[in-house]
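Contents: one structure, followed by commentary.
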Amino acid sequence: MPTVVFRKDGQTYRDEVKASTNLVVRAGIKQFPFPHLRYECGMGKCAHCACRVLAGQEHLPPPNWKEKKQLGERLDAGYRLVCQLWIEHDIELEQGDDLTPGR
C-alpha cells in the first residue's frame, strides 16, 4: 500500500492508502488524516487542492489538460492538482497558503 506524507501549516500527516486512492475523495468522506487537505470542486476547475510534490513525482502520470490550464508555469515547480491524481506509489505533498488560486 502506498504511503502518503502530507505537509500543511508546519504539521506532517502520514497514512497508508489503498492503491488507486484519490486524496480529495478521502478528504471528502473525512478519512484521517486528509480532512486537512484544502479542496473545493474535486474536478480540476478551481485549483484549491494544488499541492507541491516533494517526493514521488516520477511515479505520477503527466499533467492532464486541466492541470495545465489551472497551474500553468507552477507545473514546472512541481505543483499538481490532487483531485486529478490517483495514488499508486509513495508520495510526499505540501500544501500552503502560497498555493491558493490568484496568489
Side-chain angles (χ1 to χ4, degrees):
M1 293 197 327
T3 298
V4 177
V5 177
F6 178 67
R7 300 181 186 281
K8 183 173 181 180
D9 299 330
Q11 299 292 315
T12 300
Y13 307 92
R14 180 184 310 266
D15 199 4
E16 286 188 343
V17 297
K18 293 179 182 176
S20 299
T21 292
N22 181 286
L23 300 183
V24 170
V25 171
R26 283 202 53 174
I29 59 175
K30 308 296 187 226
Q31 289 188 348
F32 181 81
F34 306 110
H36 303 286
L37 177 72
R38 183 183 61 241
Y39 67 97
E40 195 163 306
C41 76
M43 298 182 292
K45 294 180 178 182
C46 72
H48 279 84
C49 67
C51 288
R52 187 166 54 115
V53 180
L54 302 175
Q57 179 84 12
E58 68 275 12
H59 299 296
L60 297 175
N64 64 26
W65 67 271
K66 292 177 182 181
E67 292 179 286
K68 290 176 183 176
K69 179 180 177 184
Q70 292 296 330
L71 297 173
E73 293 178 8
R74 293 189 293 172
L75 285 169
D76 295 334
Y79 298 125
R80 298 293 298 266
L81 297 181
V82 178
C83 70
Q84 299 299 297
L85 302 179
W86 297 89
I87 306 301
E88 299 288 346
H89 299 277
D90 293 353
I91 193 167
E92 184 174 349
L93 303 165
E94 178 180 51
Q95 189 176 59
D97 290 337
D98 62 318
L99 300 178
T100 303
R103 288 190 181 195

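Numbers here are sequence positions counted from 1.
- Using a 4.5 Å heavy-atom cutoff, the side chains of Phe34 and Asp15 are in contact.
- Linking ILVMFWY residues whenever their side-chain heavy atoms come closer than 4.5 Å, directly or via other members, leaves Val5 and Leu23 in distinct clusters.
- Looking at heavy atoms from C-beta onward, Leu81 lies in side-chain contact with Gln70 at the 4.5 angstrom threshold.
- Closest of all the heavy-atom pairs between Pro33 and Pro35 is C-CD, 3.1 Å.
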Q | Test log, rule side-chain contact (heavy atoms from CB on, under 4.5 Å), inputs Val17 and Met1 | A | CA-CA 6 Å; Val17 297; Met1 293 197 327; over 6 Å; no
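- Here the side chains of Leu85 and Glu67 are in contact, with some heavy-atom distance below 4.5 Å.
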Q) Where do Val4 and Ile87 land on the side-chain contact (heavy atoms from CB on, under 4.5 Å) test, with the steps shown first? A) CA-CA 8 Å; Val4 177; Ile87 306 301; 4.2 Å; yes
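- Counting only heavy atoms from C-beta outward, the side chains of Gln84 and Lys66 approach each other to under 4.5 Å.
- Looking only at side-chain heavy atoms (C-beta outward), His59 and Ile91 stay at 4.5 Å or farther from each other.
- Remark: Gln11 CD to Phe6 CZ distance equals 11.5 Å, nearest 0.5 Å.
- Ion pair Arg7/Glu92 flagged as a salt bridge, since at least one NZ, NE, NH1 or NH2 atom sits closer than 4.0 Å to an Asp/Glu carboxylate oxygen.
- The aromatic rings of Tyr13 and His36 sit parallel to each other, their planes meeting at less than 30°, with 60° as the upper class boundary.
- Across Ala50 and Leu71, no two heavy atoms sit closer than the pair CB-CD2, 3.9 Å.
- When all heavy atoms of Cys49 and Cys83 are compared, the pair lying nearest together is SG-N, 3.3 Å.
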Q: Check the pair Asn22, Val82 against side-chain contact (heavy atoms from CB on, under 4.5 Å), reporting the backbone distance first and the verdict last.
A: CA-CA 7 Å; Asn22 181 286; Val82 178; 5.6 Å; no
**Q.** Chi angles and distances behind the side-chain contact (heavy atoms from CB on, under 4.5 Å) call for Cys46, Tyr39
**A.** CA-CA 8 Å; Cys46 72; Tyr39 67 97; over 6 Å; no
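- The shortest distance between side-chain heavy atoms of Leu37 and Cys51 falls below 4.5 Å.
- Residues Leu75 and Arg80 form a side-chain contact, since some pair of their non-hydrogen atoms from C-beta on lies under 4.5 Å apart.
- Shortest non-hydrogen contact noted between Pro2 and Ala19 is CD-N, 3.9 Å.
- Taken from CZ in Arg38 to CD in Gln95, the straight-line distance is 4.0 Å, to the nearest 0.5 Å.
- Dense packing is recorded around CD of Glu16, with more than 12 heavy atoms of other residues, nucleotides or ligands lying under 6.0 Å away.
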